[in-house]
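Before any comments, here is the structure.
Computed from a predicted model, the values in this text were never measured in an experiment. Counting convention: from 1, in listed order, for ligands and their atoms alike.
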Amino acid sequence: MFHSQWTNKNSMRKHIVAGNWKMNGTLEATQKLASEVVNMYNDEVKDGTEVVMIPPYIGIQEVQRLAKGSGVKVGAQNCHQEESGAYTGEVSAGILASWSLDYVIIGHSERREYFGENNALLAQKVDQSLRHNLAPIYCCGETLEEREGNKHFEVIEKQVSEGLFHLNADQIQKTVIAYEPVWAIGTGKTASAEQAQEIHAFIRSLLAKRFTETVAAEISILYGGSVKPGNAKELFSMEDIDGGLIGGAALQSRDFIDIAKSF
Ligand code: PGA
């Protein structure tokens, strides 16, 4: 297995389980899911594991209301790259920050694929979110074709370097990275814990080269792609995997909380 020399898993890195609700969440479903998650979190989840709910924009305020005082964090699924202005239908990082959000997902593979977002644009979004003190969860991951063509390291290196390597050490330390192989998202196919660990360690080695070993050792790197209660323990036991970005299973409060209890 690919081990990283920069890791000391239980030392300093935050454990994070973030639920990306994607385009799901009527008012009623939002209220039900958020209140169940908050109740279960309070009763069951260990201190030291950060749980984040990431609903569609319009659900954010209601989720925050329900999560208030619980310690459960709230994030957004995207932000625009400009500060403000005539961009009908868009939401800026500044607007999100004014609602006191904690996180924003940047560069999810669905944004890359369906909305044509490339690394250069994503670098701007990362800048905007950091400017407003929102922690970006920057996503990277290869397609099935790229993996089968043995291009996964190259693809990840390009996504991570072009999206994040212009940052300074202070900024990168506020950033969370999510490795989400596209072939594992919503497909029921998870990367094996070893495959995920290999890429996480690789990302950490890139961070060590570009920044410092301390920076590399401190950044939380999440795995995403068909994480379920049944596979979370094995994935989270890997030395460079610090949690998960959860799609489908985040829509079931029981599953989501069970995943958050898998460290
Ligand atoms: P999934 O989605 O858990 O449904 O595979 C993960 C994601 O897209 O973040």
| request: Please indicate whether any nitrogen or oxygen in Ser226 is less than 3.5 Å from any nitrogen or oxygen in ligand 1. | output: yes

| said: I need the contact type for Ala178 against ligand 1. Using non-hydrogen atoms and a strict under-4.0 Å cut-off, is it side chain, backbone, both or neither? | reply: neither

| message | Quick check on contacts: which atoms of ligand 1 are under 4.0 angstrom from a heavy atom of Gly186? | response | 1 (P), 4 (O), 5 (O)

| request: Can you label the angle between the Tyr223 ring and the His200 ring as parallel, tilted or perpendicular, going by 30° and 60°? | output: tilted

| request: Return the residue, atom name and 0.1 Å-rounded distance of the protein heavy atom closest to atom 3 (O) of ligand 1. | output: Gly247 N, 2.9 Å

| note | With sequence neighbours left out, the residues meeting side-chain hydrogen bond (donor to acceptor under 3.5 Å, both in side chains) with Asp255 are none

| task | Kindly determine whether Lys32 and Glu36 satisfy salt bridge (charged side-chain N to carboxylate O under 4.0 Å, His left out), including the steps that lead there. | result | CA-CA 6 Å; Lys32 182 170 183 291; Glu36 287 173 1; 3.0 Å; yes

| message | Using a 6.0 Å cut-off, check whether atom CD of Gln61 has over 12 heavy atoms from anything other than its own residue. | response | no

| query | Salt bridge between Arg13 and Glu239, side-chain N to carboxylate O under 4.0 Å? | reply | no

| query | How far is atom 9 (O) of ligand 1 from its nearest protein heavy atom, and which residue and atom name does that atom have? | reply | Glu180 OE2, 2.7 Å

| Relative to the heavy atoms of Gly225, which atoms of ligand 1 are at a distance of less than 4.0 Å? | 5 (O)

| field | Under 4.0 Å to a heavy atom of Ala184 - the qualifying atoms of ligand 1, by number | value | 5 (O)

| Heavy-atom gap Gly244 to ligand 1 smaller than 4.0 Å | no

| request: Would you mind reporting whether Val63 and Thr30 have side-chain heavy atoms less than 4.5 Å apart? | output: yes

| said: For the 3.5 Å polar cut-off, considering only N or O atoms, please tell me whether Ile246 and ligand 1 meet it. | reply: no

| request: Mark up the atoms of ligand 1 that fall under 4.0 Å of a heavy atom belonging to His108, in ascending order. | output: 7 (C), 8 (O), 9 (O)

| note | the protein heavy atom lying closest to atom 4 (O) of ligand 1 turns out to be Gly248 N, 2.8 Å

| field | All ring pair (Phe, Tyr, Trp, His ring centres under 6.0 Å) counterparts of Phe165, not counting sequence neighbours | value | Phe211

| task | Would you give the length of the straight line joining atom CD of Gln197 to atom CG of Asp240, rounded to the nearest 0.5 angstrom? | result | 4.5 Å

